[in-house]
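Below: the structure, in structure tokens.
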Amino acid sequence: MLREIRELGFEYAELSHGTRISLLPGILEAVDAGEMKISSLHNFCPLPMGVNRSAPNLYQFSSEIRRERESAHRYTLKTIELAARVKAPVVVLHLGSIEMKNYTEKLLEMVVHGEKETAKYEKLCAEFDEKRESKKEPFIERTKDSLKKLLPEAESRGIKLGVENRQALEELPFEGDFTFLFRELNSPALVYWHDTGHAQIKENLGFLSQQMQIESQRAYLYGFHIHDVQFPGRDHCAPGTGMVKFDALKPLAKKEHIKVFEFSPSLTAEQAKQGVEFVKTKWNL
């Protein structure tokens with residue numbers, strides 16, 4: 001797997017949330033032999049025993065169920081340990097979600113049918129905002145408590161925890177809460193991780209400006225997941241084939257930021273290469 005990534009022209013790879021534990025011996029062998037360096041890990045990595053599919057939301061820090069929060073903590077510690085073992089500087093996290101009706105899929109469906117500018121769409125957005133704000137506090141508090149327990153371990157190992165922006169409206173943190181989270185927890189190990197596809201989906205829904213979202217978190221920005229979105233919600237496409245305005249993001253993507261291309265397995269090797277070259281050209285990498 002890592003050799004194939006290297007043959008595509010990459011010096012670094014992210015170990016993602018689809019990494020089965022059976023792959024670890026080969027990964028460690030390749031890393032120790034210098035065949036590949038690891039840029040980052042995405043929680044949970046490796047997958048828990050018995051799980052054979054990508055499952056970044058398998059256990060949530062925000063869950064009302066104590067046992068689930070304990071599992072999220074335990075498997076995140078394992079990811080931090082592996083990051084230290086492979087000398088990766090950062091673990092990317094999903095923080096959880098609010099237990100509520102799925103508004104994201106309904107709103108995307110309305111956008112597809114050209115209903116974004118309708119009173120019905122506006123009413124549904126207002127309903128979502130009201131319900132989210134009324135429900136969010138206990139979910140956010142549980143998430144913060146979980147992070148407070150994880151951060152000392154991350155700090156002691158020199159690992160950053162990258163809080164990723166999410167594409168679903170029900171997932172945490174909400175865009176307006178990122179800064180409060182970073183300020184309250186006040187840890188050098190807690191950083192912002194920006195996903196271009198997730199932000200574009202929310203922009204397509206009318207909930208944010210991708211450029212303004214990055215600008216608001218630029219003091220905490222540590223890295224990117226880079227992919228494109230075909231209208232309105234098909235993500236993990238090759239850059240240059242969708243709606244993300246990579247030109248506008250160029251001033252915000254600094255040399256020191258880690259940049260991970262997060263592509264759909266349906267892309268051909270040639271499409272992946274073209275997407276990488278597109279971003280390299282746009283961002284002068």
Side-chain angles (χ1 to χ4, degrees), residues 17 42-44 55-73 75-76 91-111 116 120-151 161-187 189-195 197-210 212-221 225 233 235:
H17 47 71
H42 195 312
N43 221 24
F44 302 98
N57 298 323
L58 181 65
Y59 305 117
Q60 298 196 18
F61 301 120
S62 59
S63 175
E64 297 170 293
I65 302 167
R66 180 171 56 84
R67 182 175 290 182
E68 181 176 344
R69 296 196 304 273
E70 290 171 349
S71 293
H73 179 84
Y75 287 107
T76 303
V91 170
V92 180
L93 305 176
H94 294 181
L95 292 193
S97 62
I98 292 181
E99 288 287 335
M100 62 185 295
K101 187 170 78 175
N102 186 335
Y103 284 84
T104 307
E105 290 304 316
K106 177 60 179 174
L107 290 169
L108 279 170
E109 186 181 313
M110 291 180 73
V111 170
K116 185 178 176 183
K120 182 181 177 183
Y121 188 89
E122 192 173 313
K123 182 181 177 183
L124 194 61
C125 288
E127 177 188 308
F128 163 72
D129 276 332
E130 183 181 340
K131 289 194 176 179
R132 180 176 71 172
E133 289 304 308
S134 68
K135 287 173 171 280
K136 74 177 186 179
E137 207 54 45
F139 294 91
I140 290 174
E141 287 305 313
R142 286 190 290 269
T143 298
K144 287 192 291 194
D145 287 344
S146 296
L147 287 173
K148 286 173 184 175
K149 294 172 185 173
L150 287 167
L151 282 165
L161 299 182
V163 180
E164 184 177 19
N165 63 309
R166 303 293 298 130
Q167 82 273 26
L169 299 170
E170 302 78 16
E171 290 192 68
L172 300 171
F174 306 132
E175 280 64 35
D177 294 332
F178 272 99
T179 300
F180 294 113
L181 180 72
F182 291 131
R183 286 178 179 169
E184 182 175 336
L185 297 183
N186 192 29
S187 168
L190 195 65
V191 296
Y192 176 61
W193 190 274
H194 185 80
D195 186 297
H198 297 167
Q200 187 62 49
I201 290 171
K202 281 186 173 171
E203 186 168 313
N204 291 347
L205 290 172
F207 278 81
L208 59 77
S209 153
Q210 170 144 222
M212 289 177 66
Q213 168 64 16
I214 302 174
E215 286 175 346
S216 72
Q217 301 307 318
R218 64 192 308 170
Y220 306 102
L221 181 61
H225 277 153
D235 56 359

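In this text the structure is predicted, and so the values were computed from the model without any measurement.
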Self-check item: Beyond-backbone contact of Phe139 with Glu99, side-chain heavy atoms, under 4.5 angstrom
Solution: yes
Practice problem: Test side-chain contact (heavy atoms from CB on, under 4.5 Å) on Tyr75 and Leu58 and set out the steps. | Solution: CA-CA 10 Å; Tyr75 287 107; Leu58 181 65; over 6 Å; no
Exercise. Give the ring-plane orientation class for Phe182 versus Tyr220, where under 30° counts as parallel, over 60° as perpendicular and anything between as tilted.
Key: parallel
Practice problem: With rounding to the nearest 0.5 Å, note down the distance linking CD in Glu127 to NZ in Lys131. | Solution: 4.5 Å
Practice problem: Would you name the heavy atoms of Ser62 and Thr143 that are closest together and state the gap between them? | Solution: CB-OG1, 3.3 Å
Quiz item: Between His194 and Gln217, is a side-chain contact (heavy atoms from CB on, under 4.5 Å) present by the stated rule, with each step listed?
Solution: CA-CA 9 Å; His194 185 80; Gln217 301 307 318; over 6 Å; no
Self-check item: Qualifying residue for side chain to side chain contact (heavy atoms under 4.5 Å, CB included) with Leu181, from Leu172, Asn186, Leu95
Solution: Leu95
Quiz item: Quick check: does any side chain N or O of Glu170 sit under 3.5 Å from a backbone N or O of Tyr103, one acting as donor and the other as acceptor?
Solution: yes
Quiz item: Less than 4.5 Å apart, any side-chain heavy atom of Ile140 and any of Phe180?
Solution: no
Quiz prompt | Side-chain touch Phe128/Thr104, heavy atoms, less than 4.5 angstrom | solution = no
Quiz item: So, for Asp195 and Gly197, which heavy atoms are closest and what is the spacing to 0.1 Å?
Solution: OD1-N, 2.9 Å
Exercise. Please assess Leu107 against Phe207 for the test side-chain contact (heavy atoms from CB on, under 4.5 Å), listing each intermediate value before the final yes or no.
Key: CA-CA 11 Å; Leu107 290 169; Phe207 278 81; 4.0 Å; yes
Quiz prompt | Carboxylate-amine/guanidinium contact Asp129 Arg132, below 4.0 Å | solution = yes
Practice problem: Quick one: sort the Trp193 and His225 rings into parallel, tilted or perpendicular, breaks at 30° and 60°. | Solution: perpendicular
Self-check item: Sidechain-backbone polar pair: Gln60 side chain, Glu68 backbone, donor-acceptor under 3.5 Å
Solution: no
Self-check item: Residues that Glu203 engages under salt bridge (Lys or Arg N to Asp or Glu O under 4.0 Å), provided they are two or more places apart
Solution: Lys245
Quiz item: Quick one: do Arg67 and Glu70 make a salt bridge, cutoff under 4.0 Å?
Solution: no
Quiz prompt | Lys202 side chain vs Arg166 backbone, donor-acceptor pair below 3.5 Å | solution = yes
Quiz item: Would you say Asn57 and Ser97 make side-chain contact, with heavy atoms under 4.5 Å?
Solution: no
Self-check item: Inter-residue atom distance Met110.CE - Leu108.CG, 0.5 Å rounding
Solution: 11.0 Å
Exercise. Keeping the roles fixed (side chain from Lys116, backbone from Asn204), state whether a donor-acceptor pair exists under 3.5 Å.
Key: yes
Self-check item: Nearest heavy-atom neighbours spanning Thr179 and Ser216
Solution: OG1-O, 4.1 Å
Practice problem: Please round to the nearest 0.5 Å and tell me the distance separating atom CD of Glu137 and atom CZ of Arg142. | Solution: 10.5 Å
Practice problem: Assess whether side-chain contact (heavy atoms from CB on, under 4.5 Å) is satisfied between His42 and Glu164, documenting all intermediate values. | Solution: CA-CA 10 Å; His42 195 312; Glu164 184 177 19; 3.2 Å; yes
Quiz item: With a 4.0 Å cut-off, would you call Arg69 and Asp145 a salt bridge?
Solution: no
Practice problem: Give the minimum heavy-atom separation between Asn165 and Glu175, together with the two atoms involved. | Solution: CB-OE2, 4.5 Å
Quiz item: Would you find a donor on one side and an acceptor on the other, under 3.5 Å apart, between the side chain of Asn43 and the backbone of Leu93?
Solution: no
Self-check item: Gap separating the SG atom of Cys125 from the NZ atom of Lys120, nearest 0.5 angstrom
Solution: 12.5 Å
Exercise. Specify whether Tyr192 and Phe178 have parallel, tilted or perpendicular ring planes, treating 30° as the upper limit for parallel and 60° as the lower limit for perpendicular.
Key: perpendicular
Quiz prompt | Leu161 CG to Ser187 OG distance, which is reported to the nearest 0.5 Å | solution = 7.5 Å
